[in-house]
Amino acid sequence: MTTTLLRTAAELHARTRAGRRAVVMTMGALHEGHATLVRTAREIAGPDGEAVVTVFVNPLQFGAGEDLDRYPRTLDADLKIAEEAGADAVFAPSVDEVYPGGEPQVRISAGPMGERLEGATRPGHFDGMLTVVAKLLHLTRPDVAFFGQKDAQQLALIRRMVRDLNFGVEIVAVPTVREADGLALSSRNRYLSARERRTALALSAALFAGRDRHAAQEALRARAREVPATQARAEALSAIGESRAAADAHAVAKAAPGNPAAVRAAARQVLDEAVRLDPPLVLDYLALVDPSDFTEIADDFTGEAVLAVAARVGTTRLIDNLPLTFGTLGAAS
């Protein structure tokens, strides 16, 4: 397959297609995480459809002092990765093509959800992100668009925009791709020195610690509920080495599903230890939130949640997250 490089929306609109158009939006500097998105898009588009990758470094979503000029531009390498992953076309417009009249006077507002977590740290970021996503959806006219779960708040806001403003496109989330040591793939990982990368592993380690604590809690409650009598329940819990829970097995069985406070504490312990590393981890936030609005969940919460973290290592800012399910379904993978 030969991937076609397109610079204008007119070129893209002139293409003939019989099936669905699947779009993957990127800012370039593609890696295996992006390739996974493209392969998924290629599969969903089917033999009669087409997979299109957009490459555009959006100036609207970079704040003062952020790395717009530093952000890598690697179009030749991006084309190769996109082609190997099965993209039919790469749409790499200029700033003038996307914003022909200069910076737009009318923009999409991310609302209250856009002011939390990443939005609090990076004011205006999500307004700029949603504005360019809206523009690119209009320019590429896809039937389905794919976004990575790693940018969970971005994904949630795009889904909300598409629903609230009646965009005729399906939004599909693709799970985060990780290195063998757990570090989430990111274009910004290339900025890390070897020592900084070791420190950066604390982000995924913290998330895994929270996930493991959550899974243990859910397994304990499921085991407790299997035993009908309080005394028998206590004996069963003792048999699997849960002496503290056995002391009050009845309370454990009746407790709210999961324990968000314990999940946060397990993750926080890893992050607190990383502060003492060389170089240290500088935490922006650790949050356990409802993905519908990115507010912190209560201790009696049931349903889907996101455990999210953001931190700086040296001059590089990194984010990561894991989905969890509180309730009878247990922990999500």
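Clustering of Ile, Leu, Val, Met, Phe, Trp and Tyr side chains at separations under 4.5 Å places Leu201 together with Leu183. Applying the 4.5 Å side-chain rule to ILVMFWY residues, one finds that Val106 remains a lone member of its cluster.
Using a 30° and 60° split on the angle between ring planes, Phe167 and His138 fall in the parallel class, below 30°.
Formation of a donor-acceptor pair under 3.5 Å by the Glu97 side chain with backbone atoms of Ala9 is found in this model. Between the side chain of Glu83 and the main chain of Thr3, a donor-acceptor pair closer than 3.5 Å is present.
A salt bridge does not link Arg20 with Asp48: none of the charged nitrogens is closer than 4.0 Å to a carboxylate oxygen.
Legend: salt bridge (charged side-chain N to carboxylate O under 4.0 Å, His left out) pairs involving residues 122-145, not counting sequence neighbours, sorted by first then second residue: Arg17-Asp143, Glu66-Arg122. Identified under the side chain to side chain donor-acceptor pair (under 3.5 Å) test for residues 162-173, with sequence neighbours left out: Arg160-Asp164.
Applying the side chain to side chain donor-acceptor pair (under 3.5 Å) criterion to Glu296, with sequence neighbours excluded, gives Arg264. Under the side chain to side chain donor-acceptor pair (under 3.5 Å) criterion, Glu118 pairs with Tyr285, Arg317, sequence neighbours left out. Judged as a ring-ring contact (aromatic ring centres under 6.0 Å, His included), and not counting sequence neighbours, His125 has no contacts. In this view, Tyr191 satisfies the ring-ring contact (aromatic ring centres under 6.0 Å, His included) rule with no residue, not counting sequence neighbours. Taking Ala311 as the reference, Leu203, Leu281, Leu283 meet the side-chain contact (heavy atoms from CB on, under 4.5 Å) condition, with sequence neighbours excluded. Applying the side chain to side chain donor-acceptor pair (under 3.5 Å) criterion to Arg190, with sequence neighbours excluded, gives no partner residue. With sequence neighbours excluded, the residues forming a side-chain contact (heavy atoms from CB on, under 4.5 Å) with Ala145 are Leu137, Phe147, Val169, Ile171, listed by chain and number. Gln61 meets the side chain to side chain donor-acceptor pair (under 3.5 Å) test with Asn58; sequence neighbours excluded.
The local environment of CD in Glu103 is sparse, with at most 12 non-hydrogen atoms from other residues, nucleotides or ligands closer than 6.0 Å. Surrounding CD of Glu11 are more than 12 heavy atoms belonging to other residues, nucleotides or ligands, all under 6.0 Å away.
Atom CZ in Arg39 sits 12.5 Å away from atom NE2 in His34 (nearest 0.5 Å).
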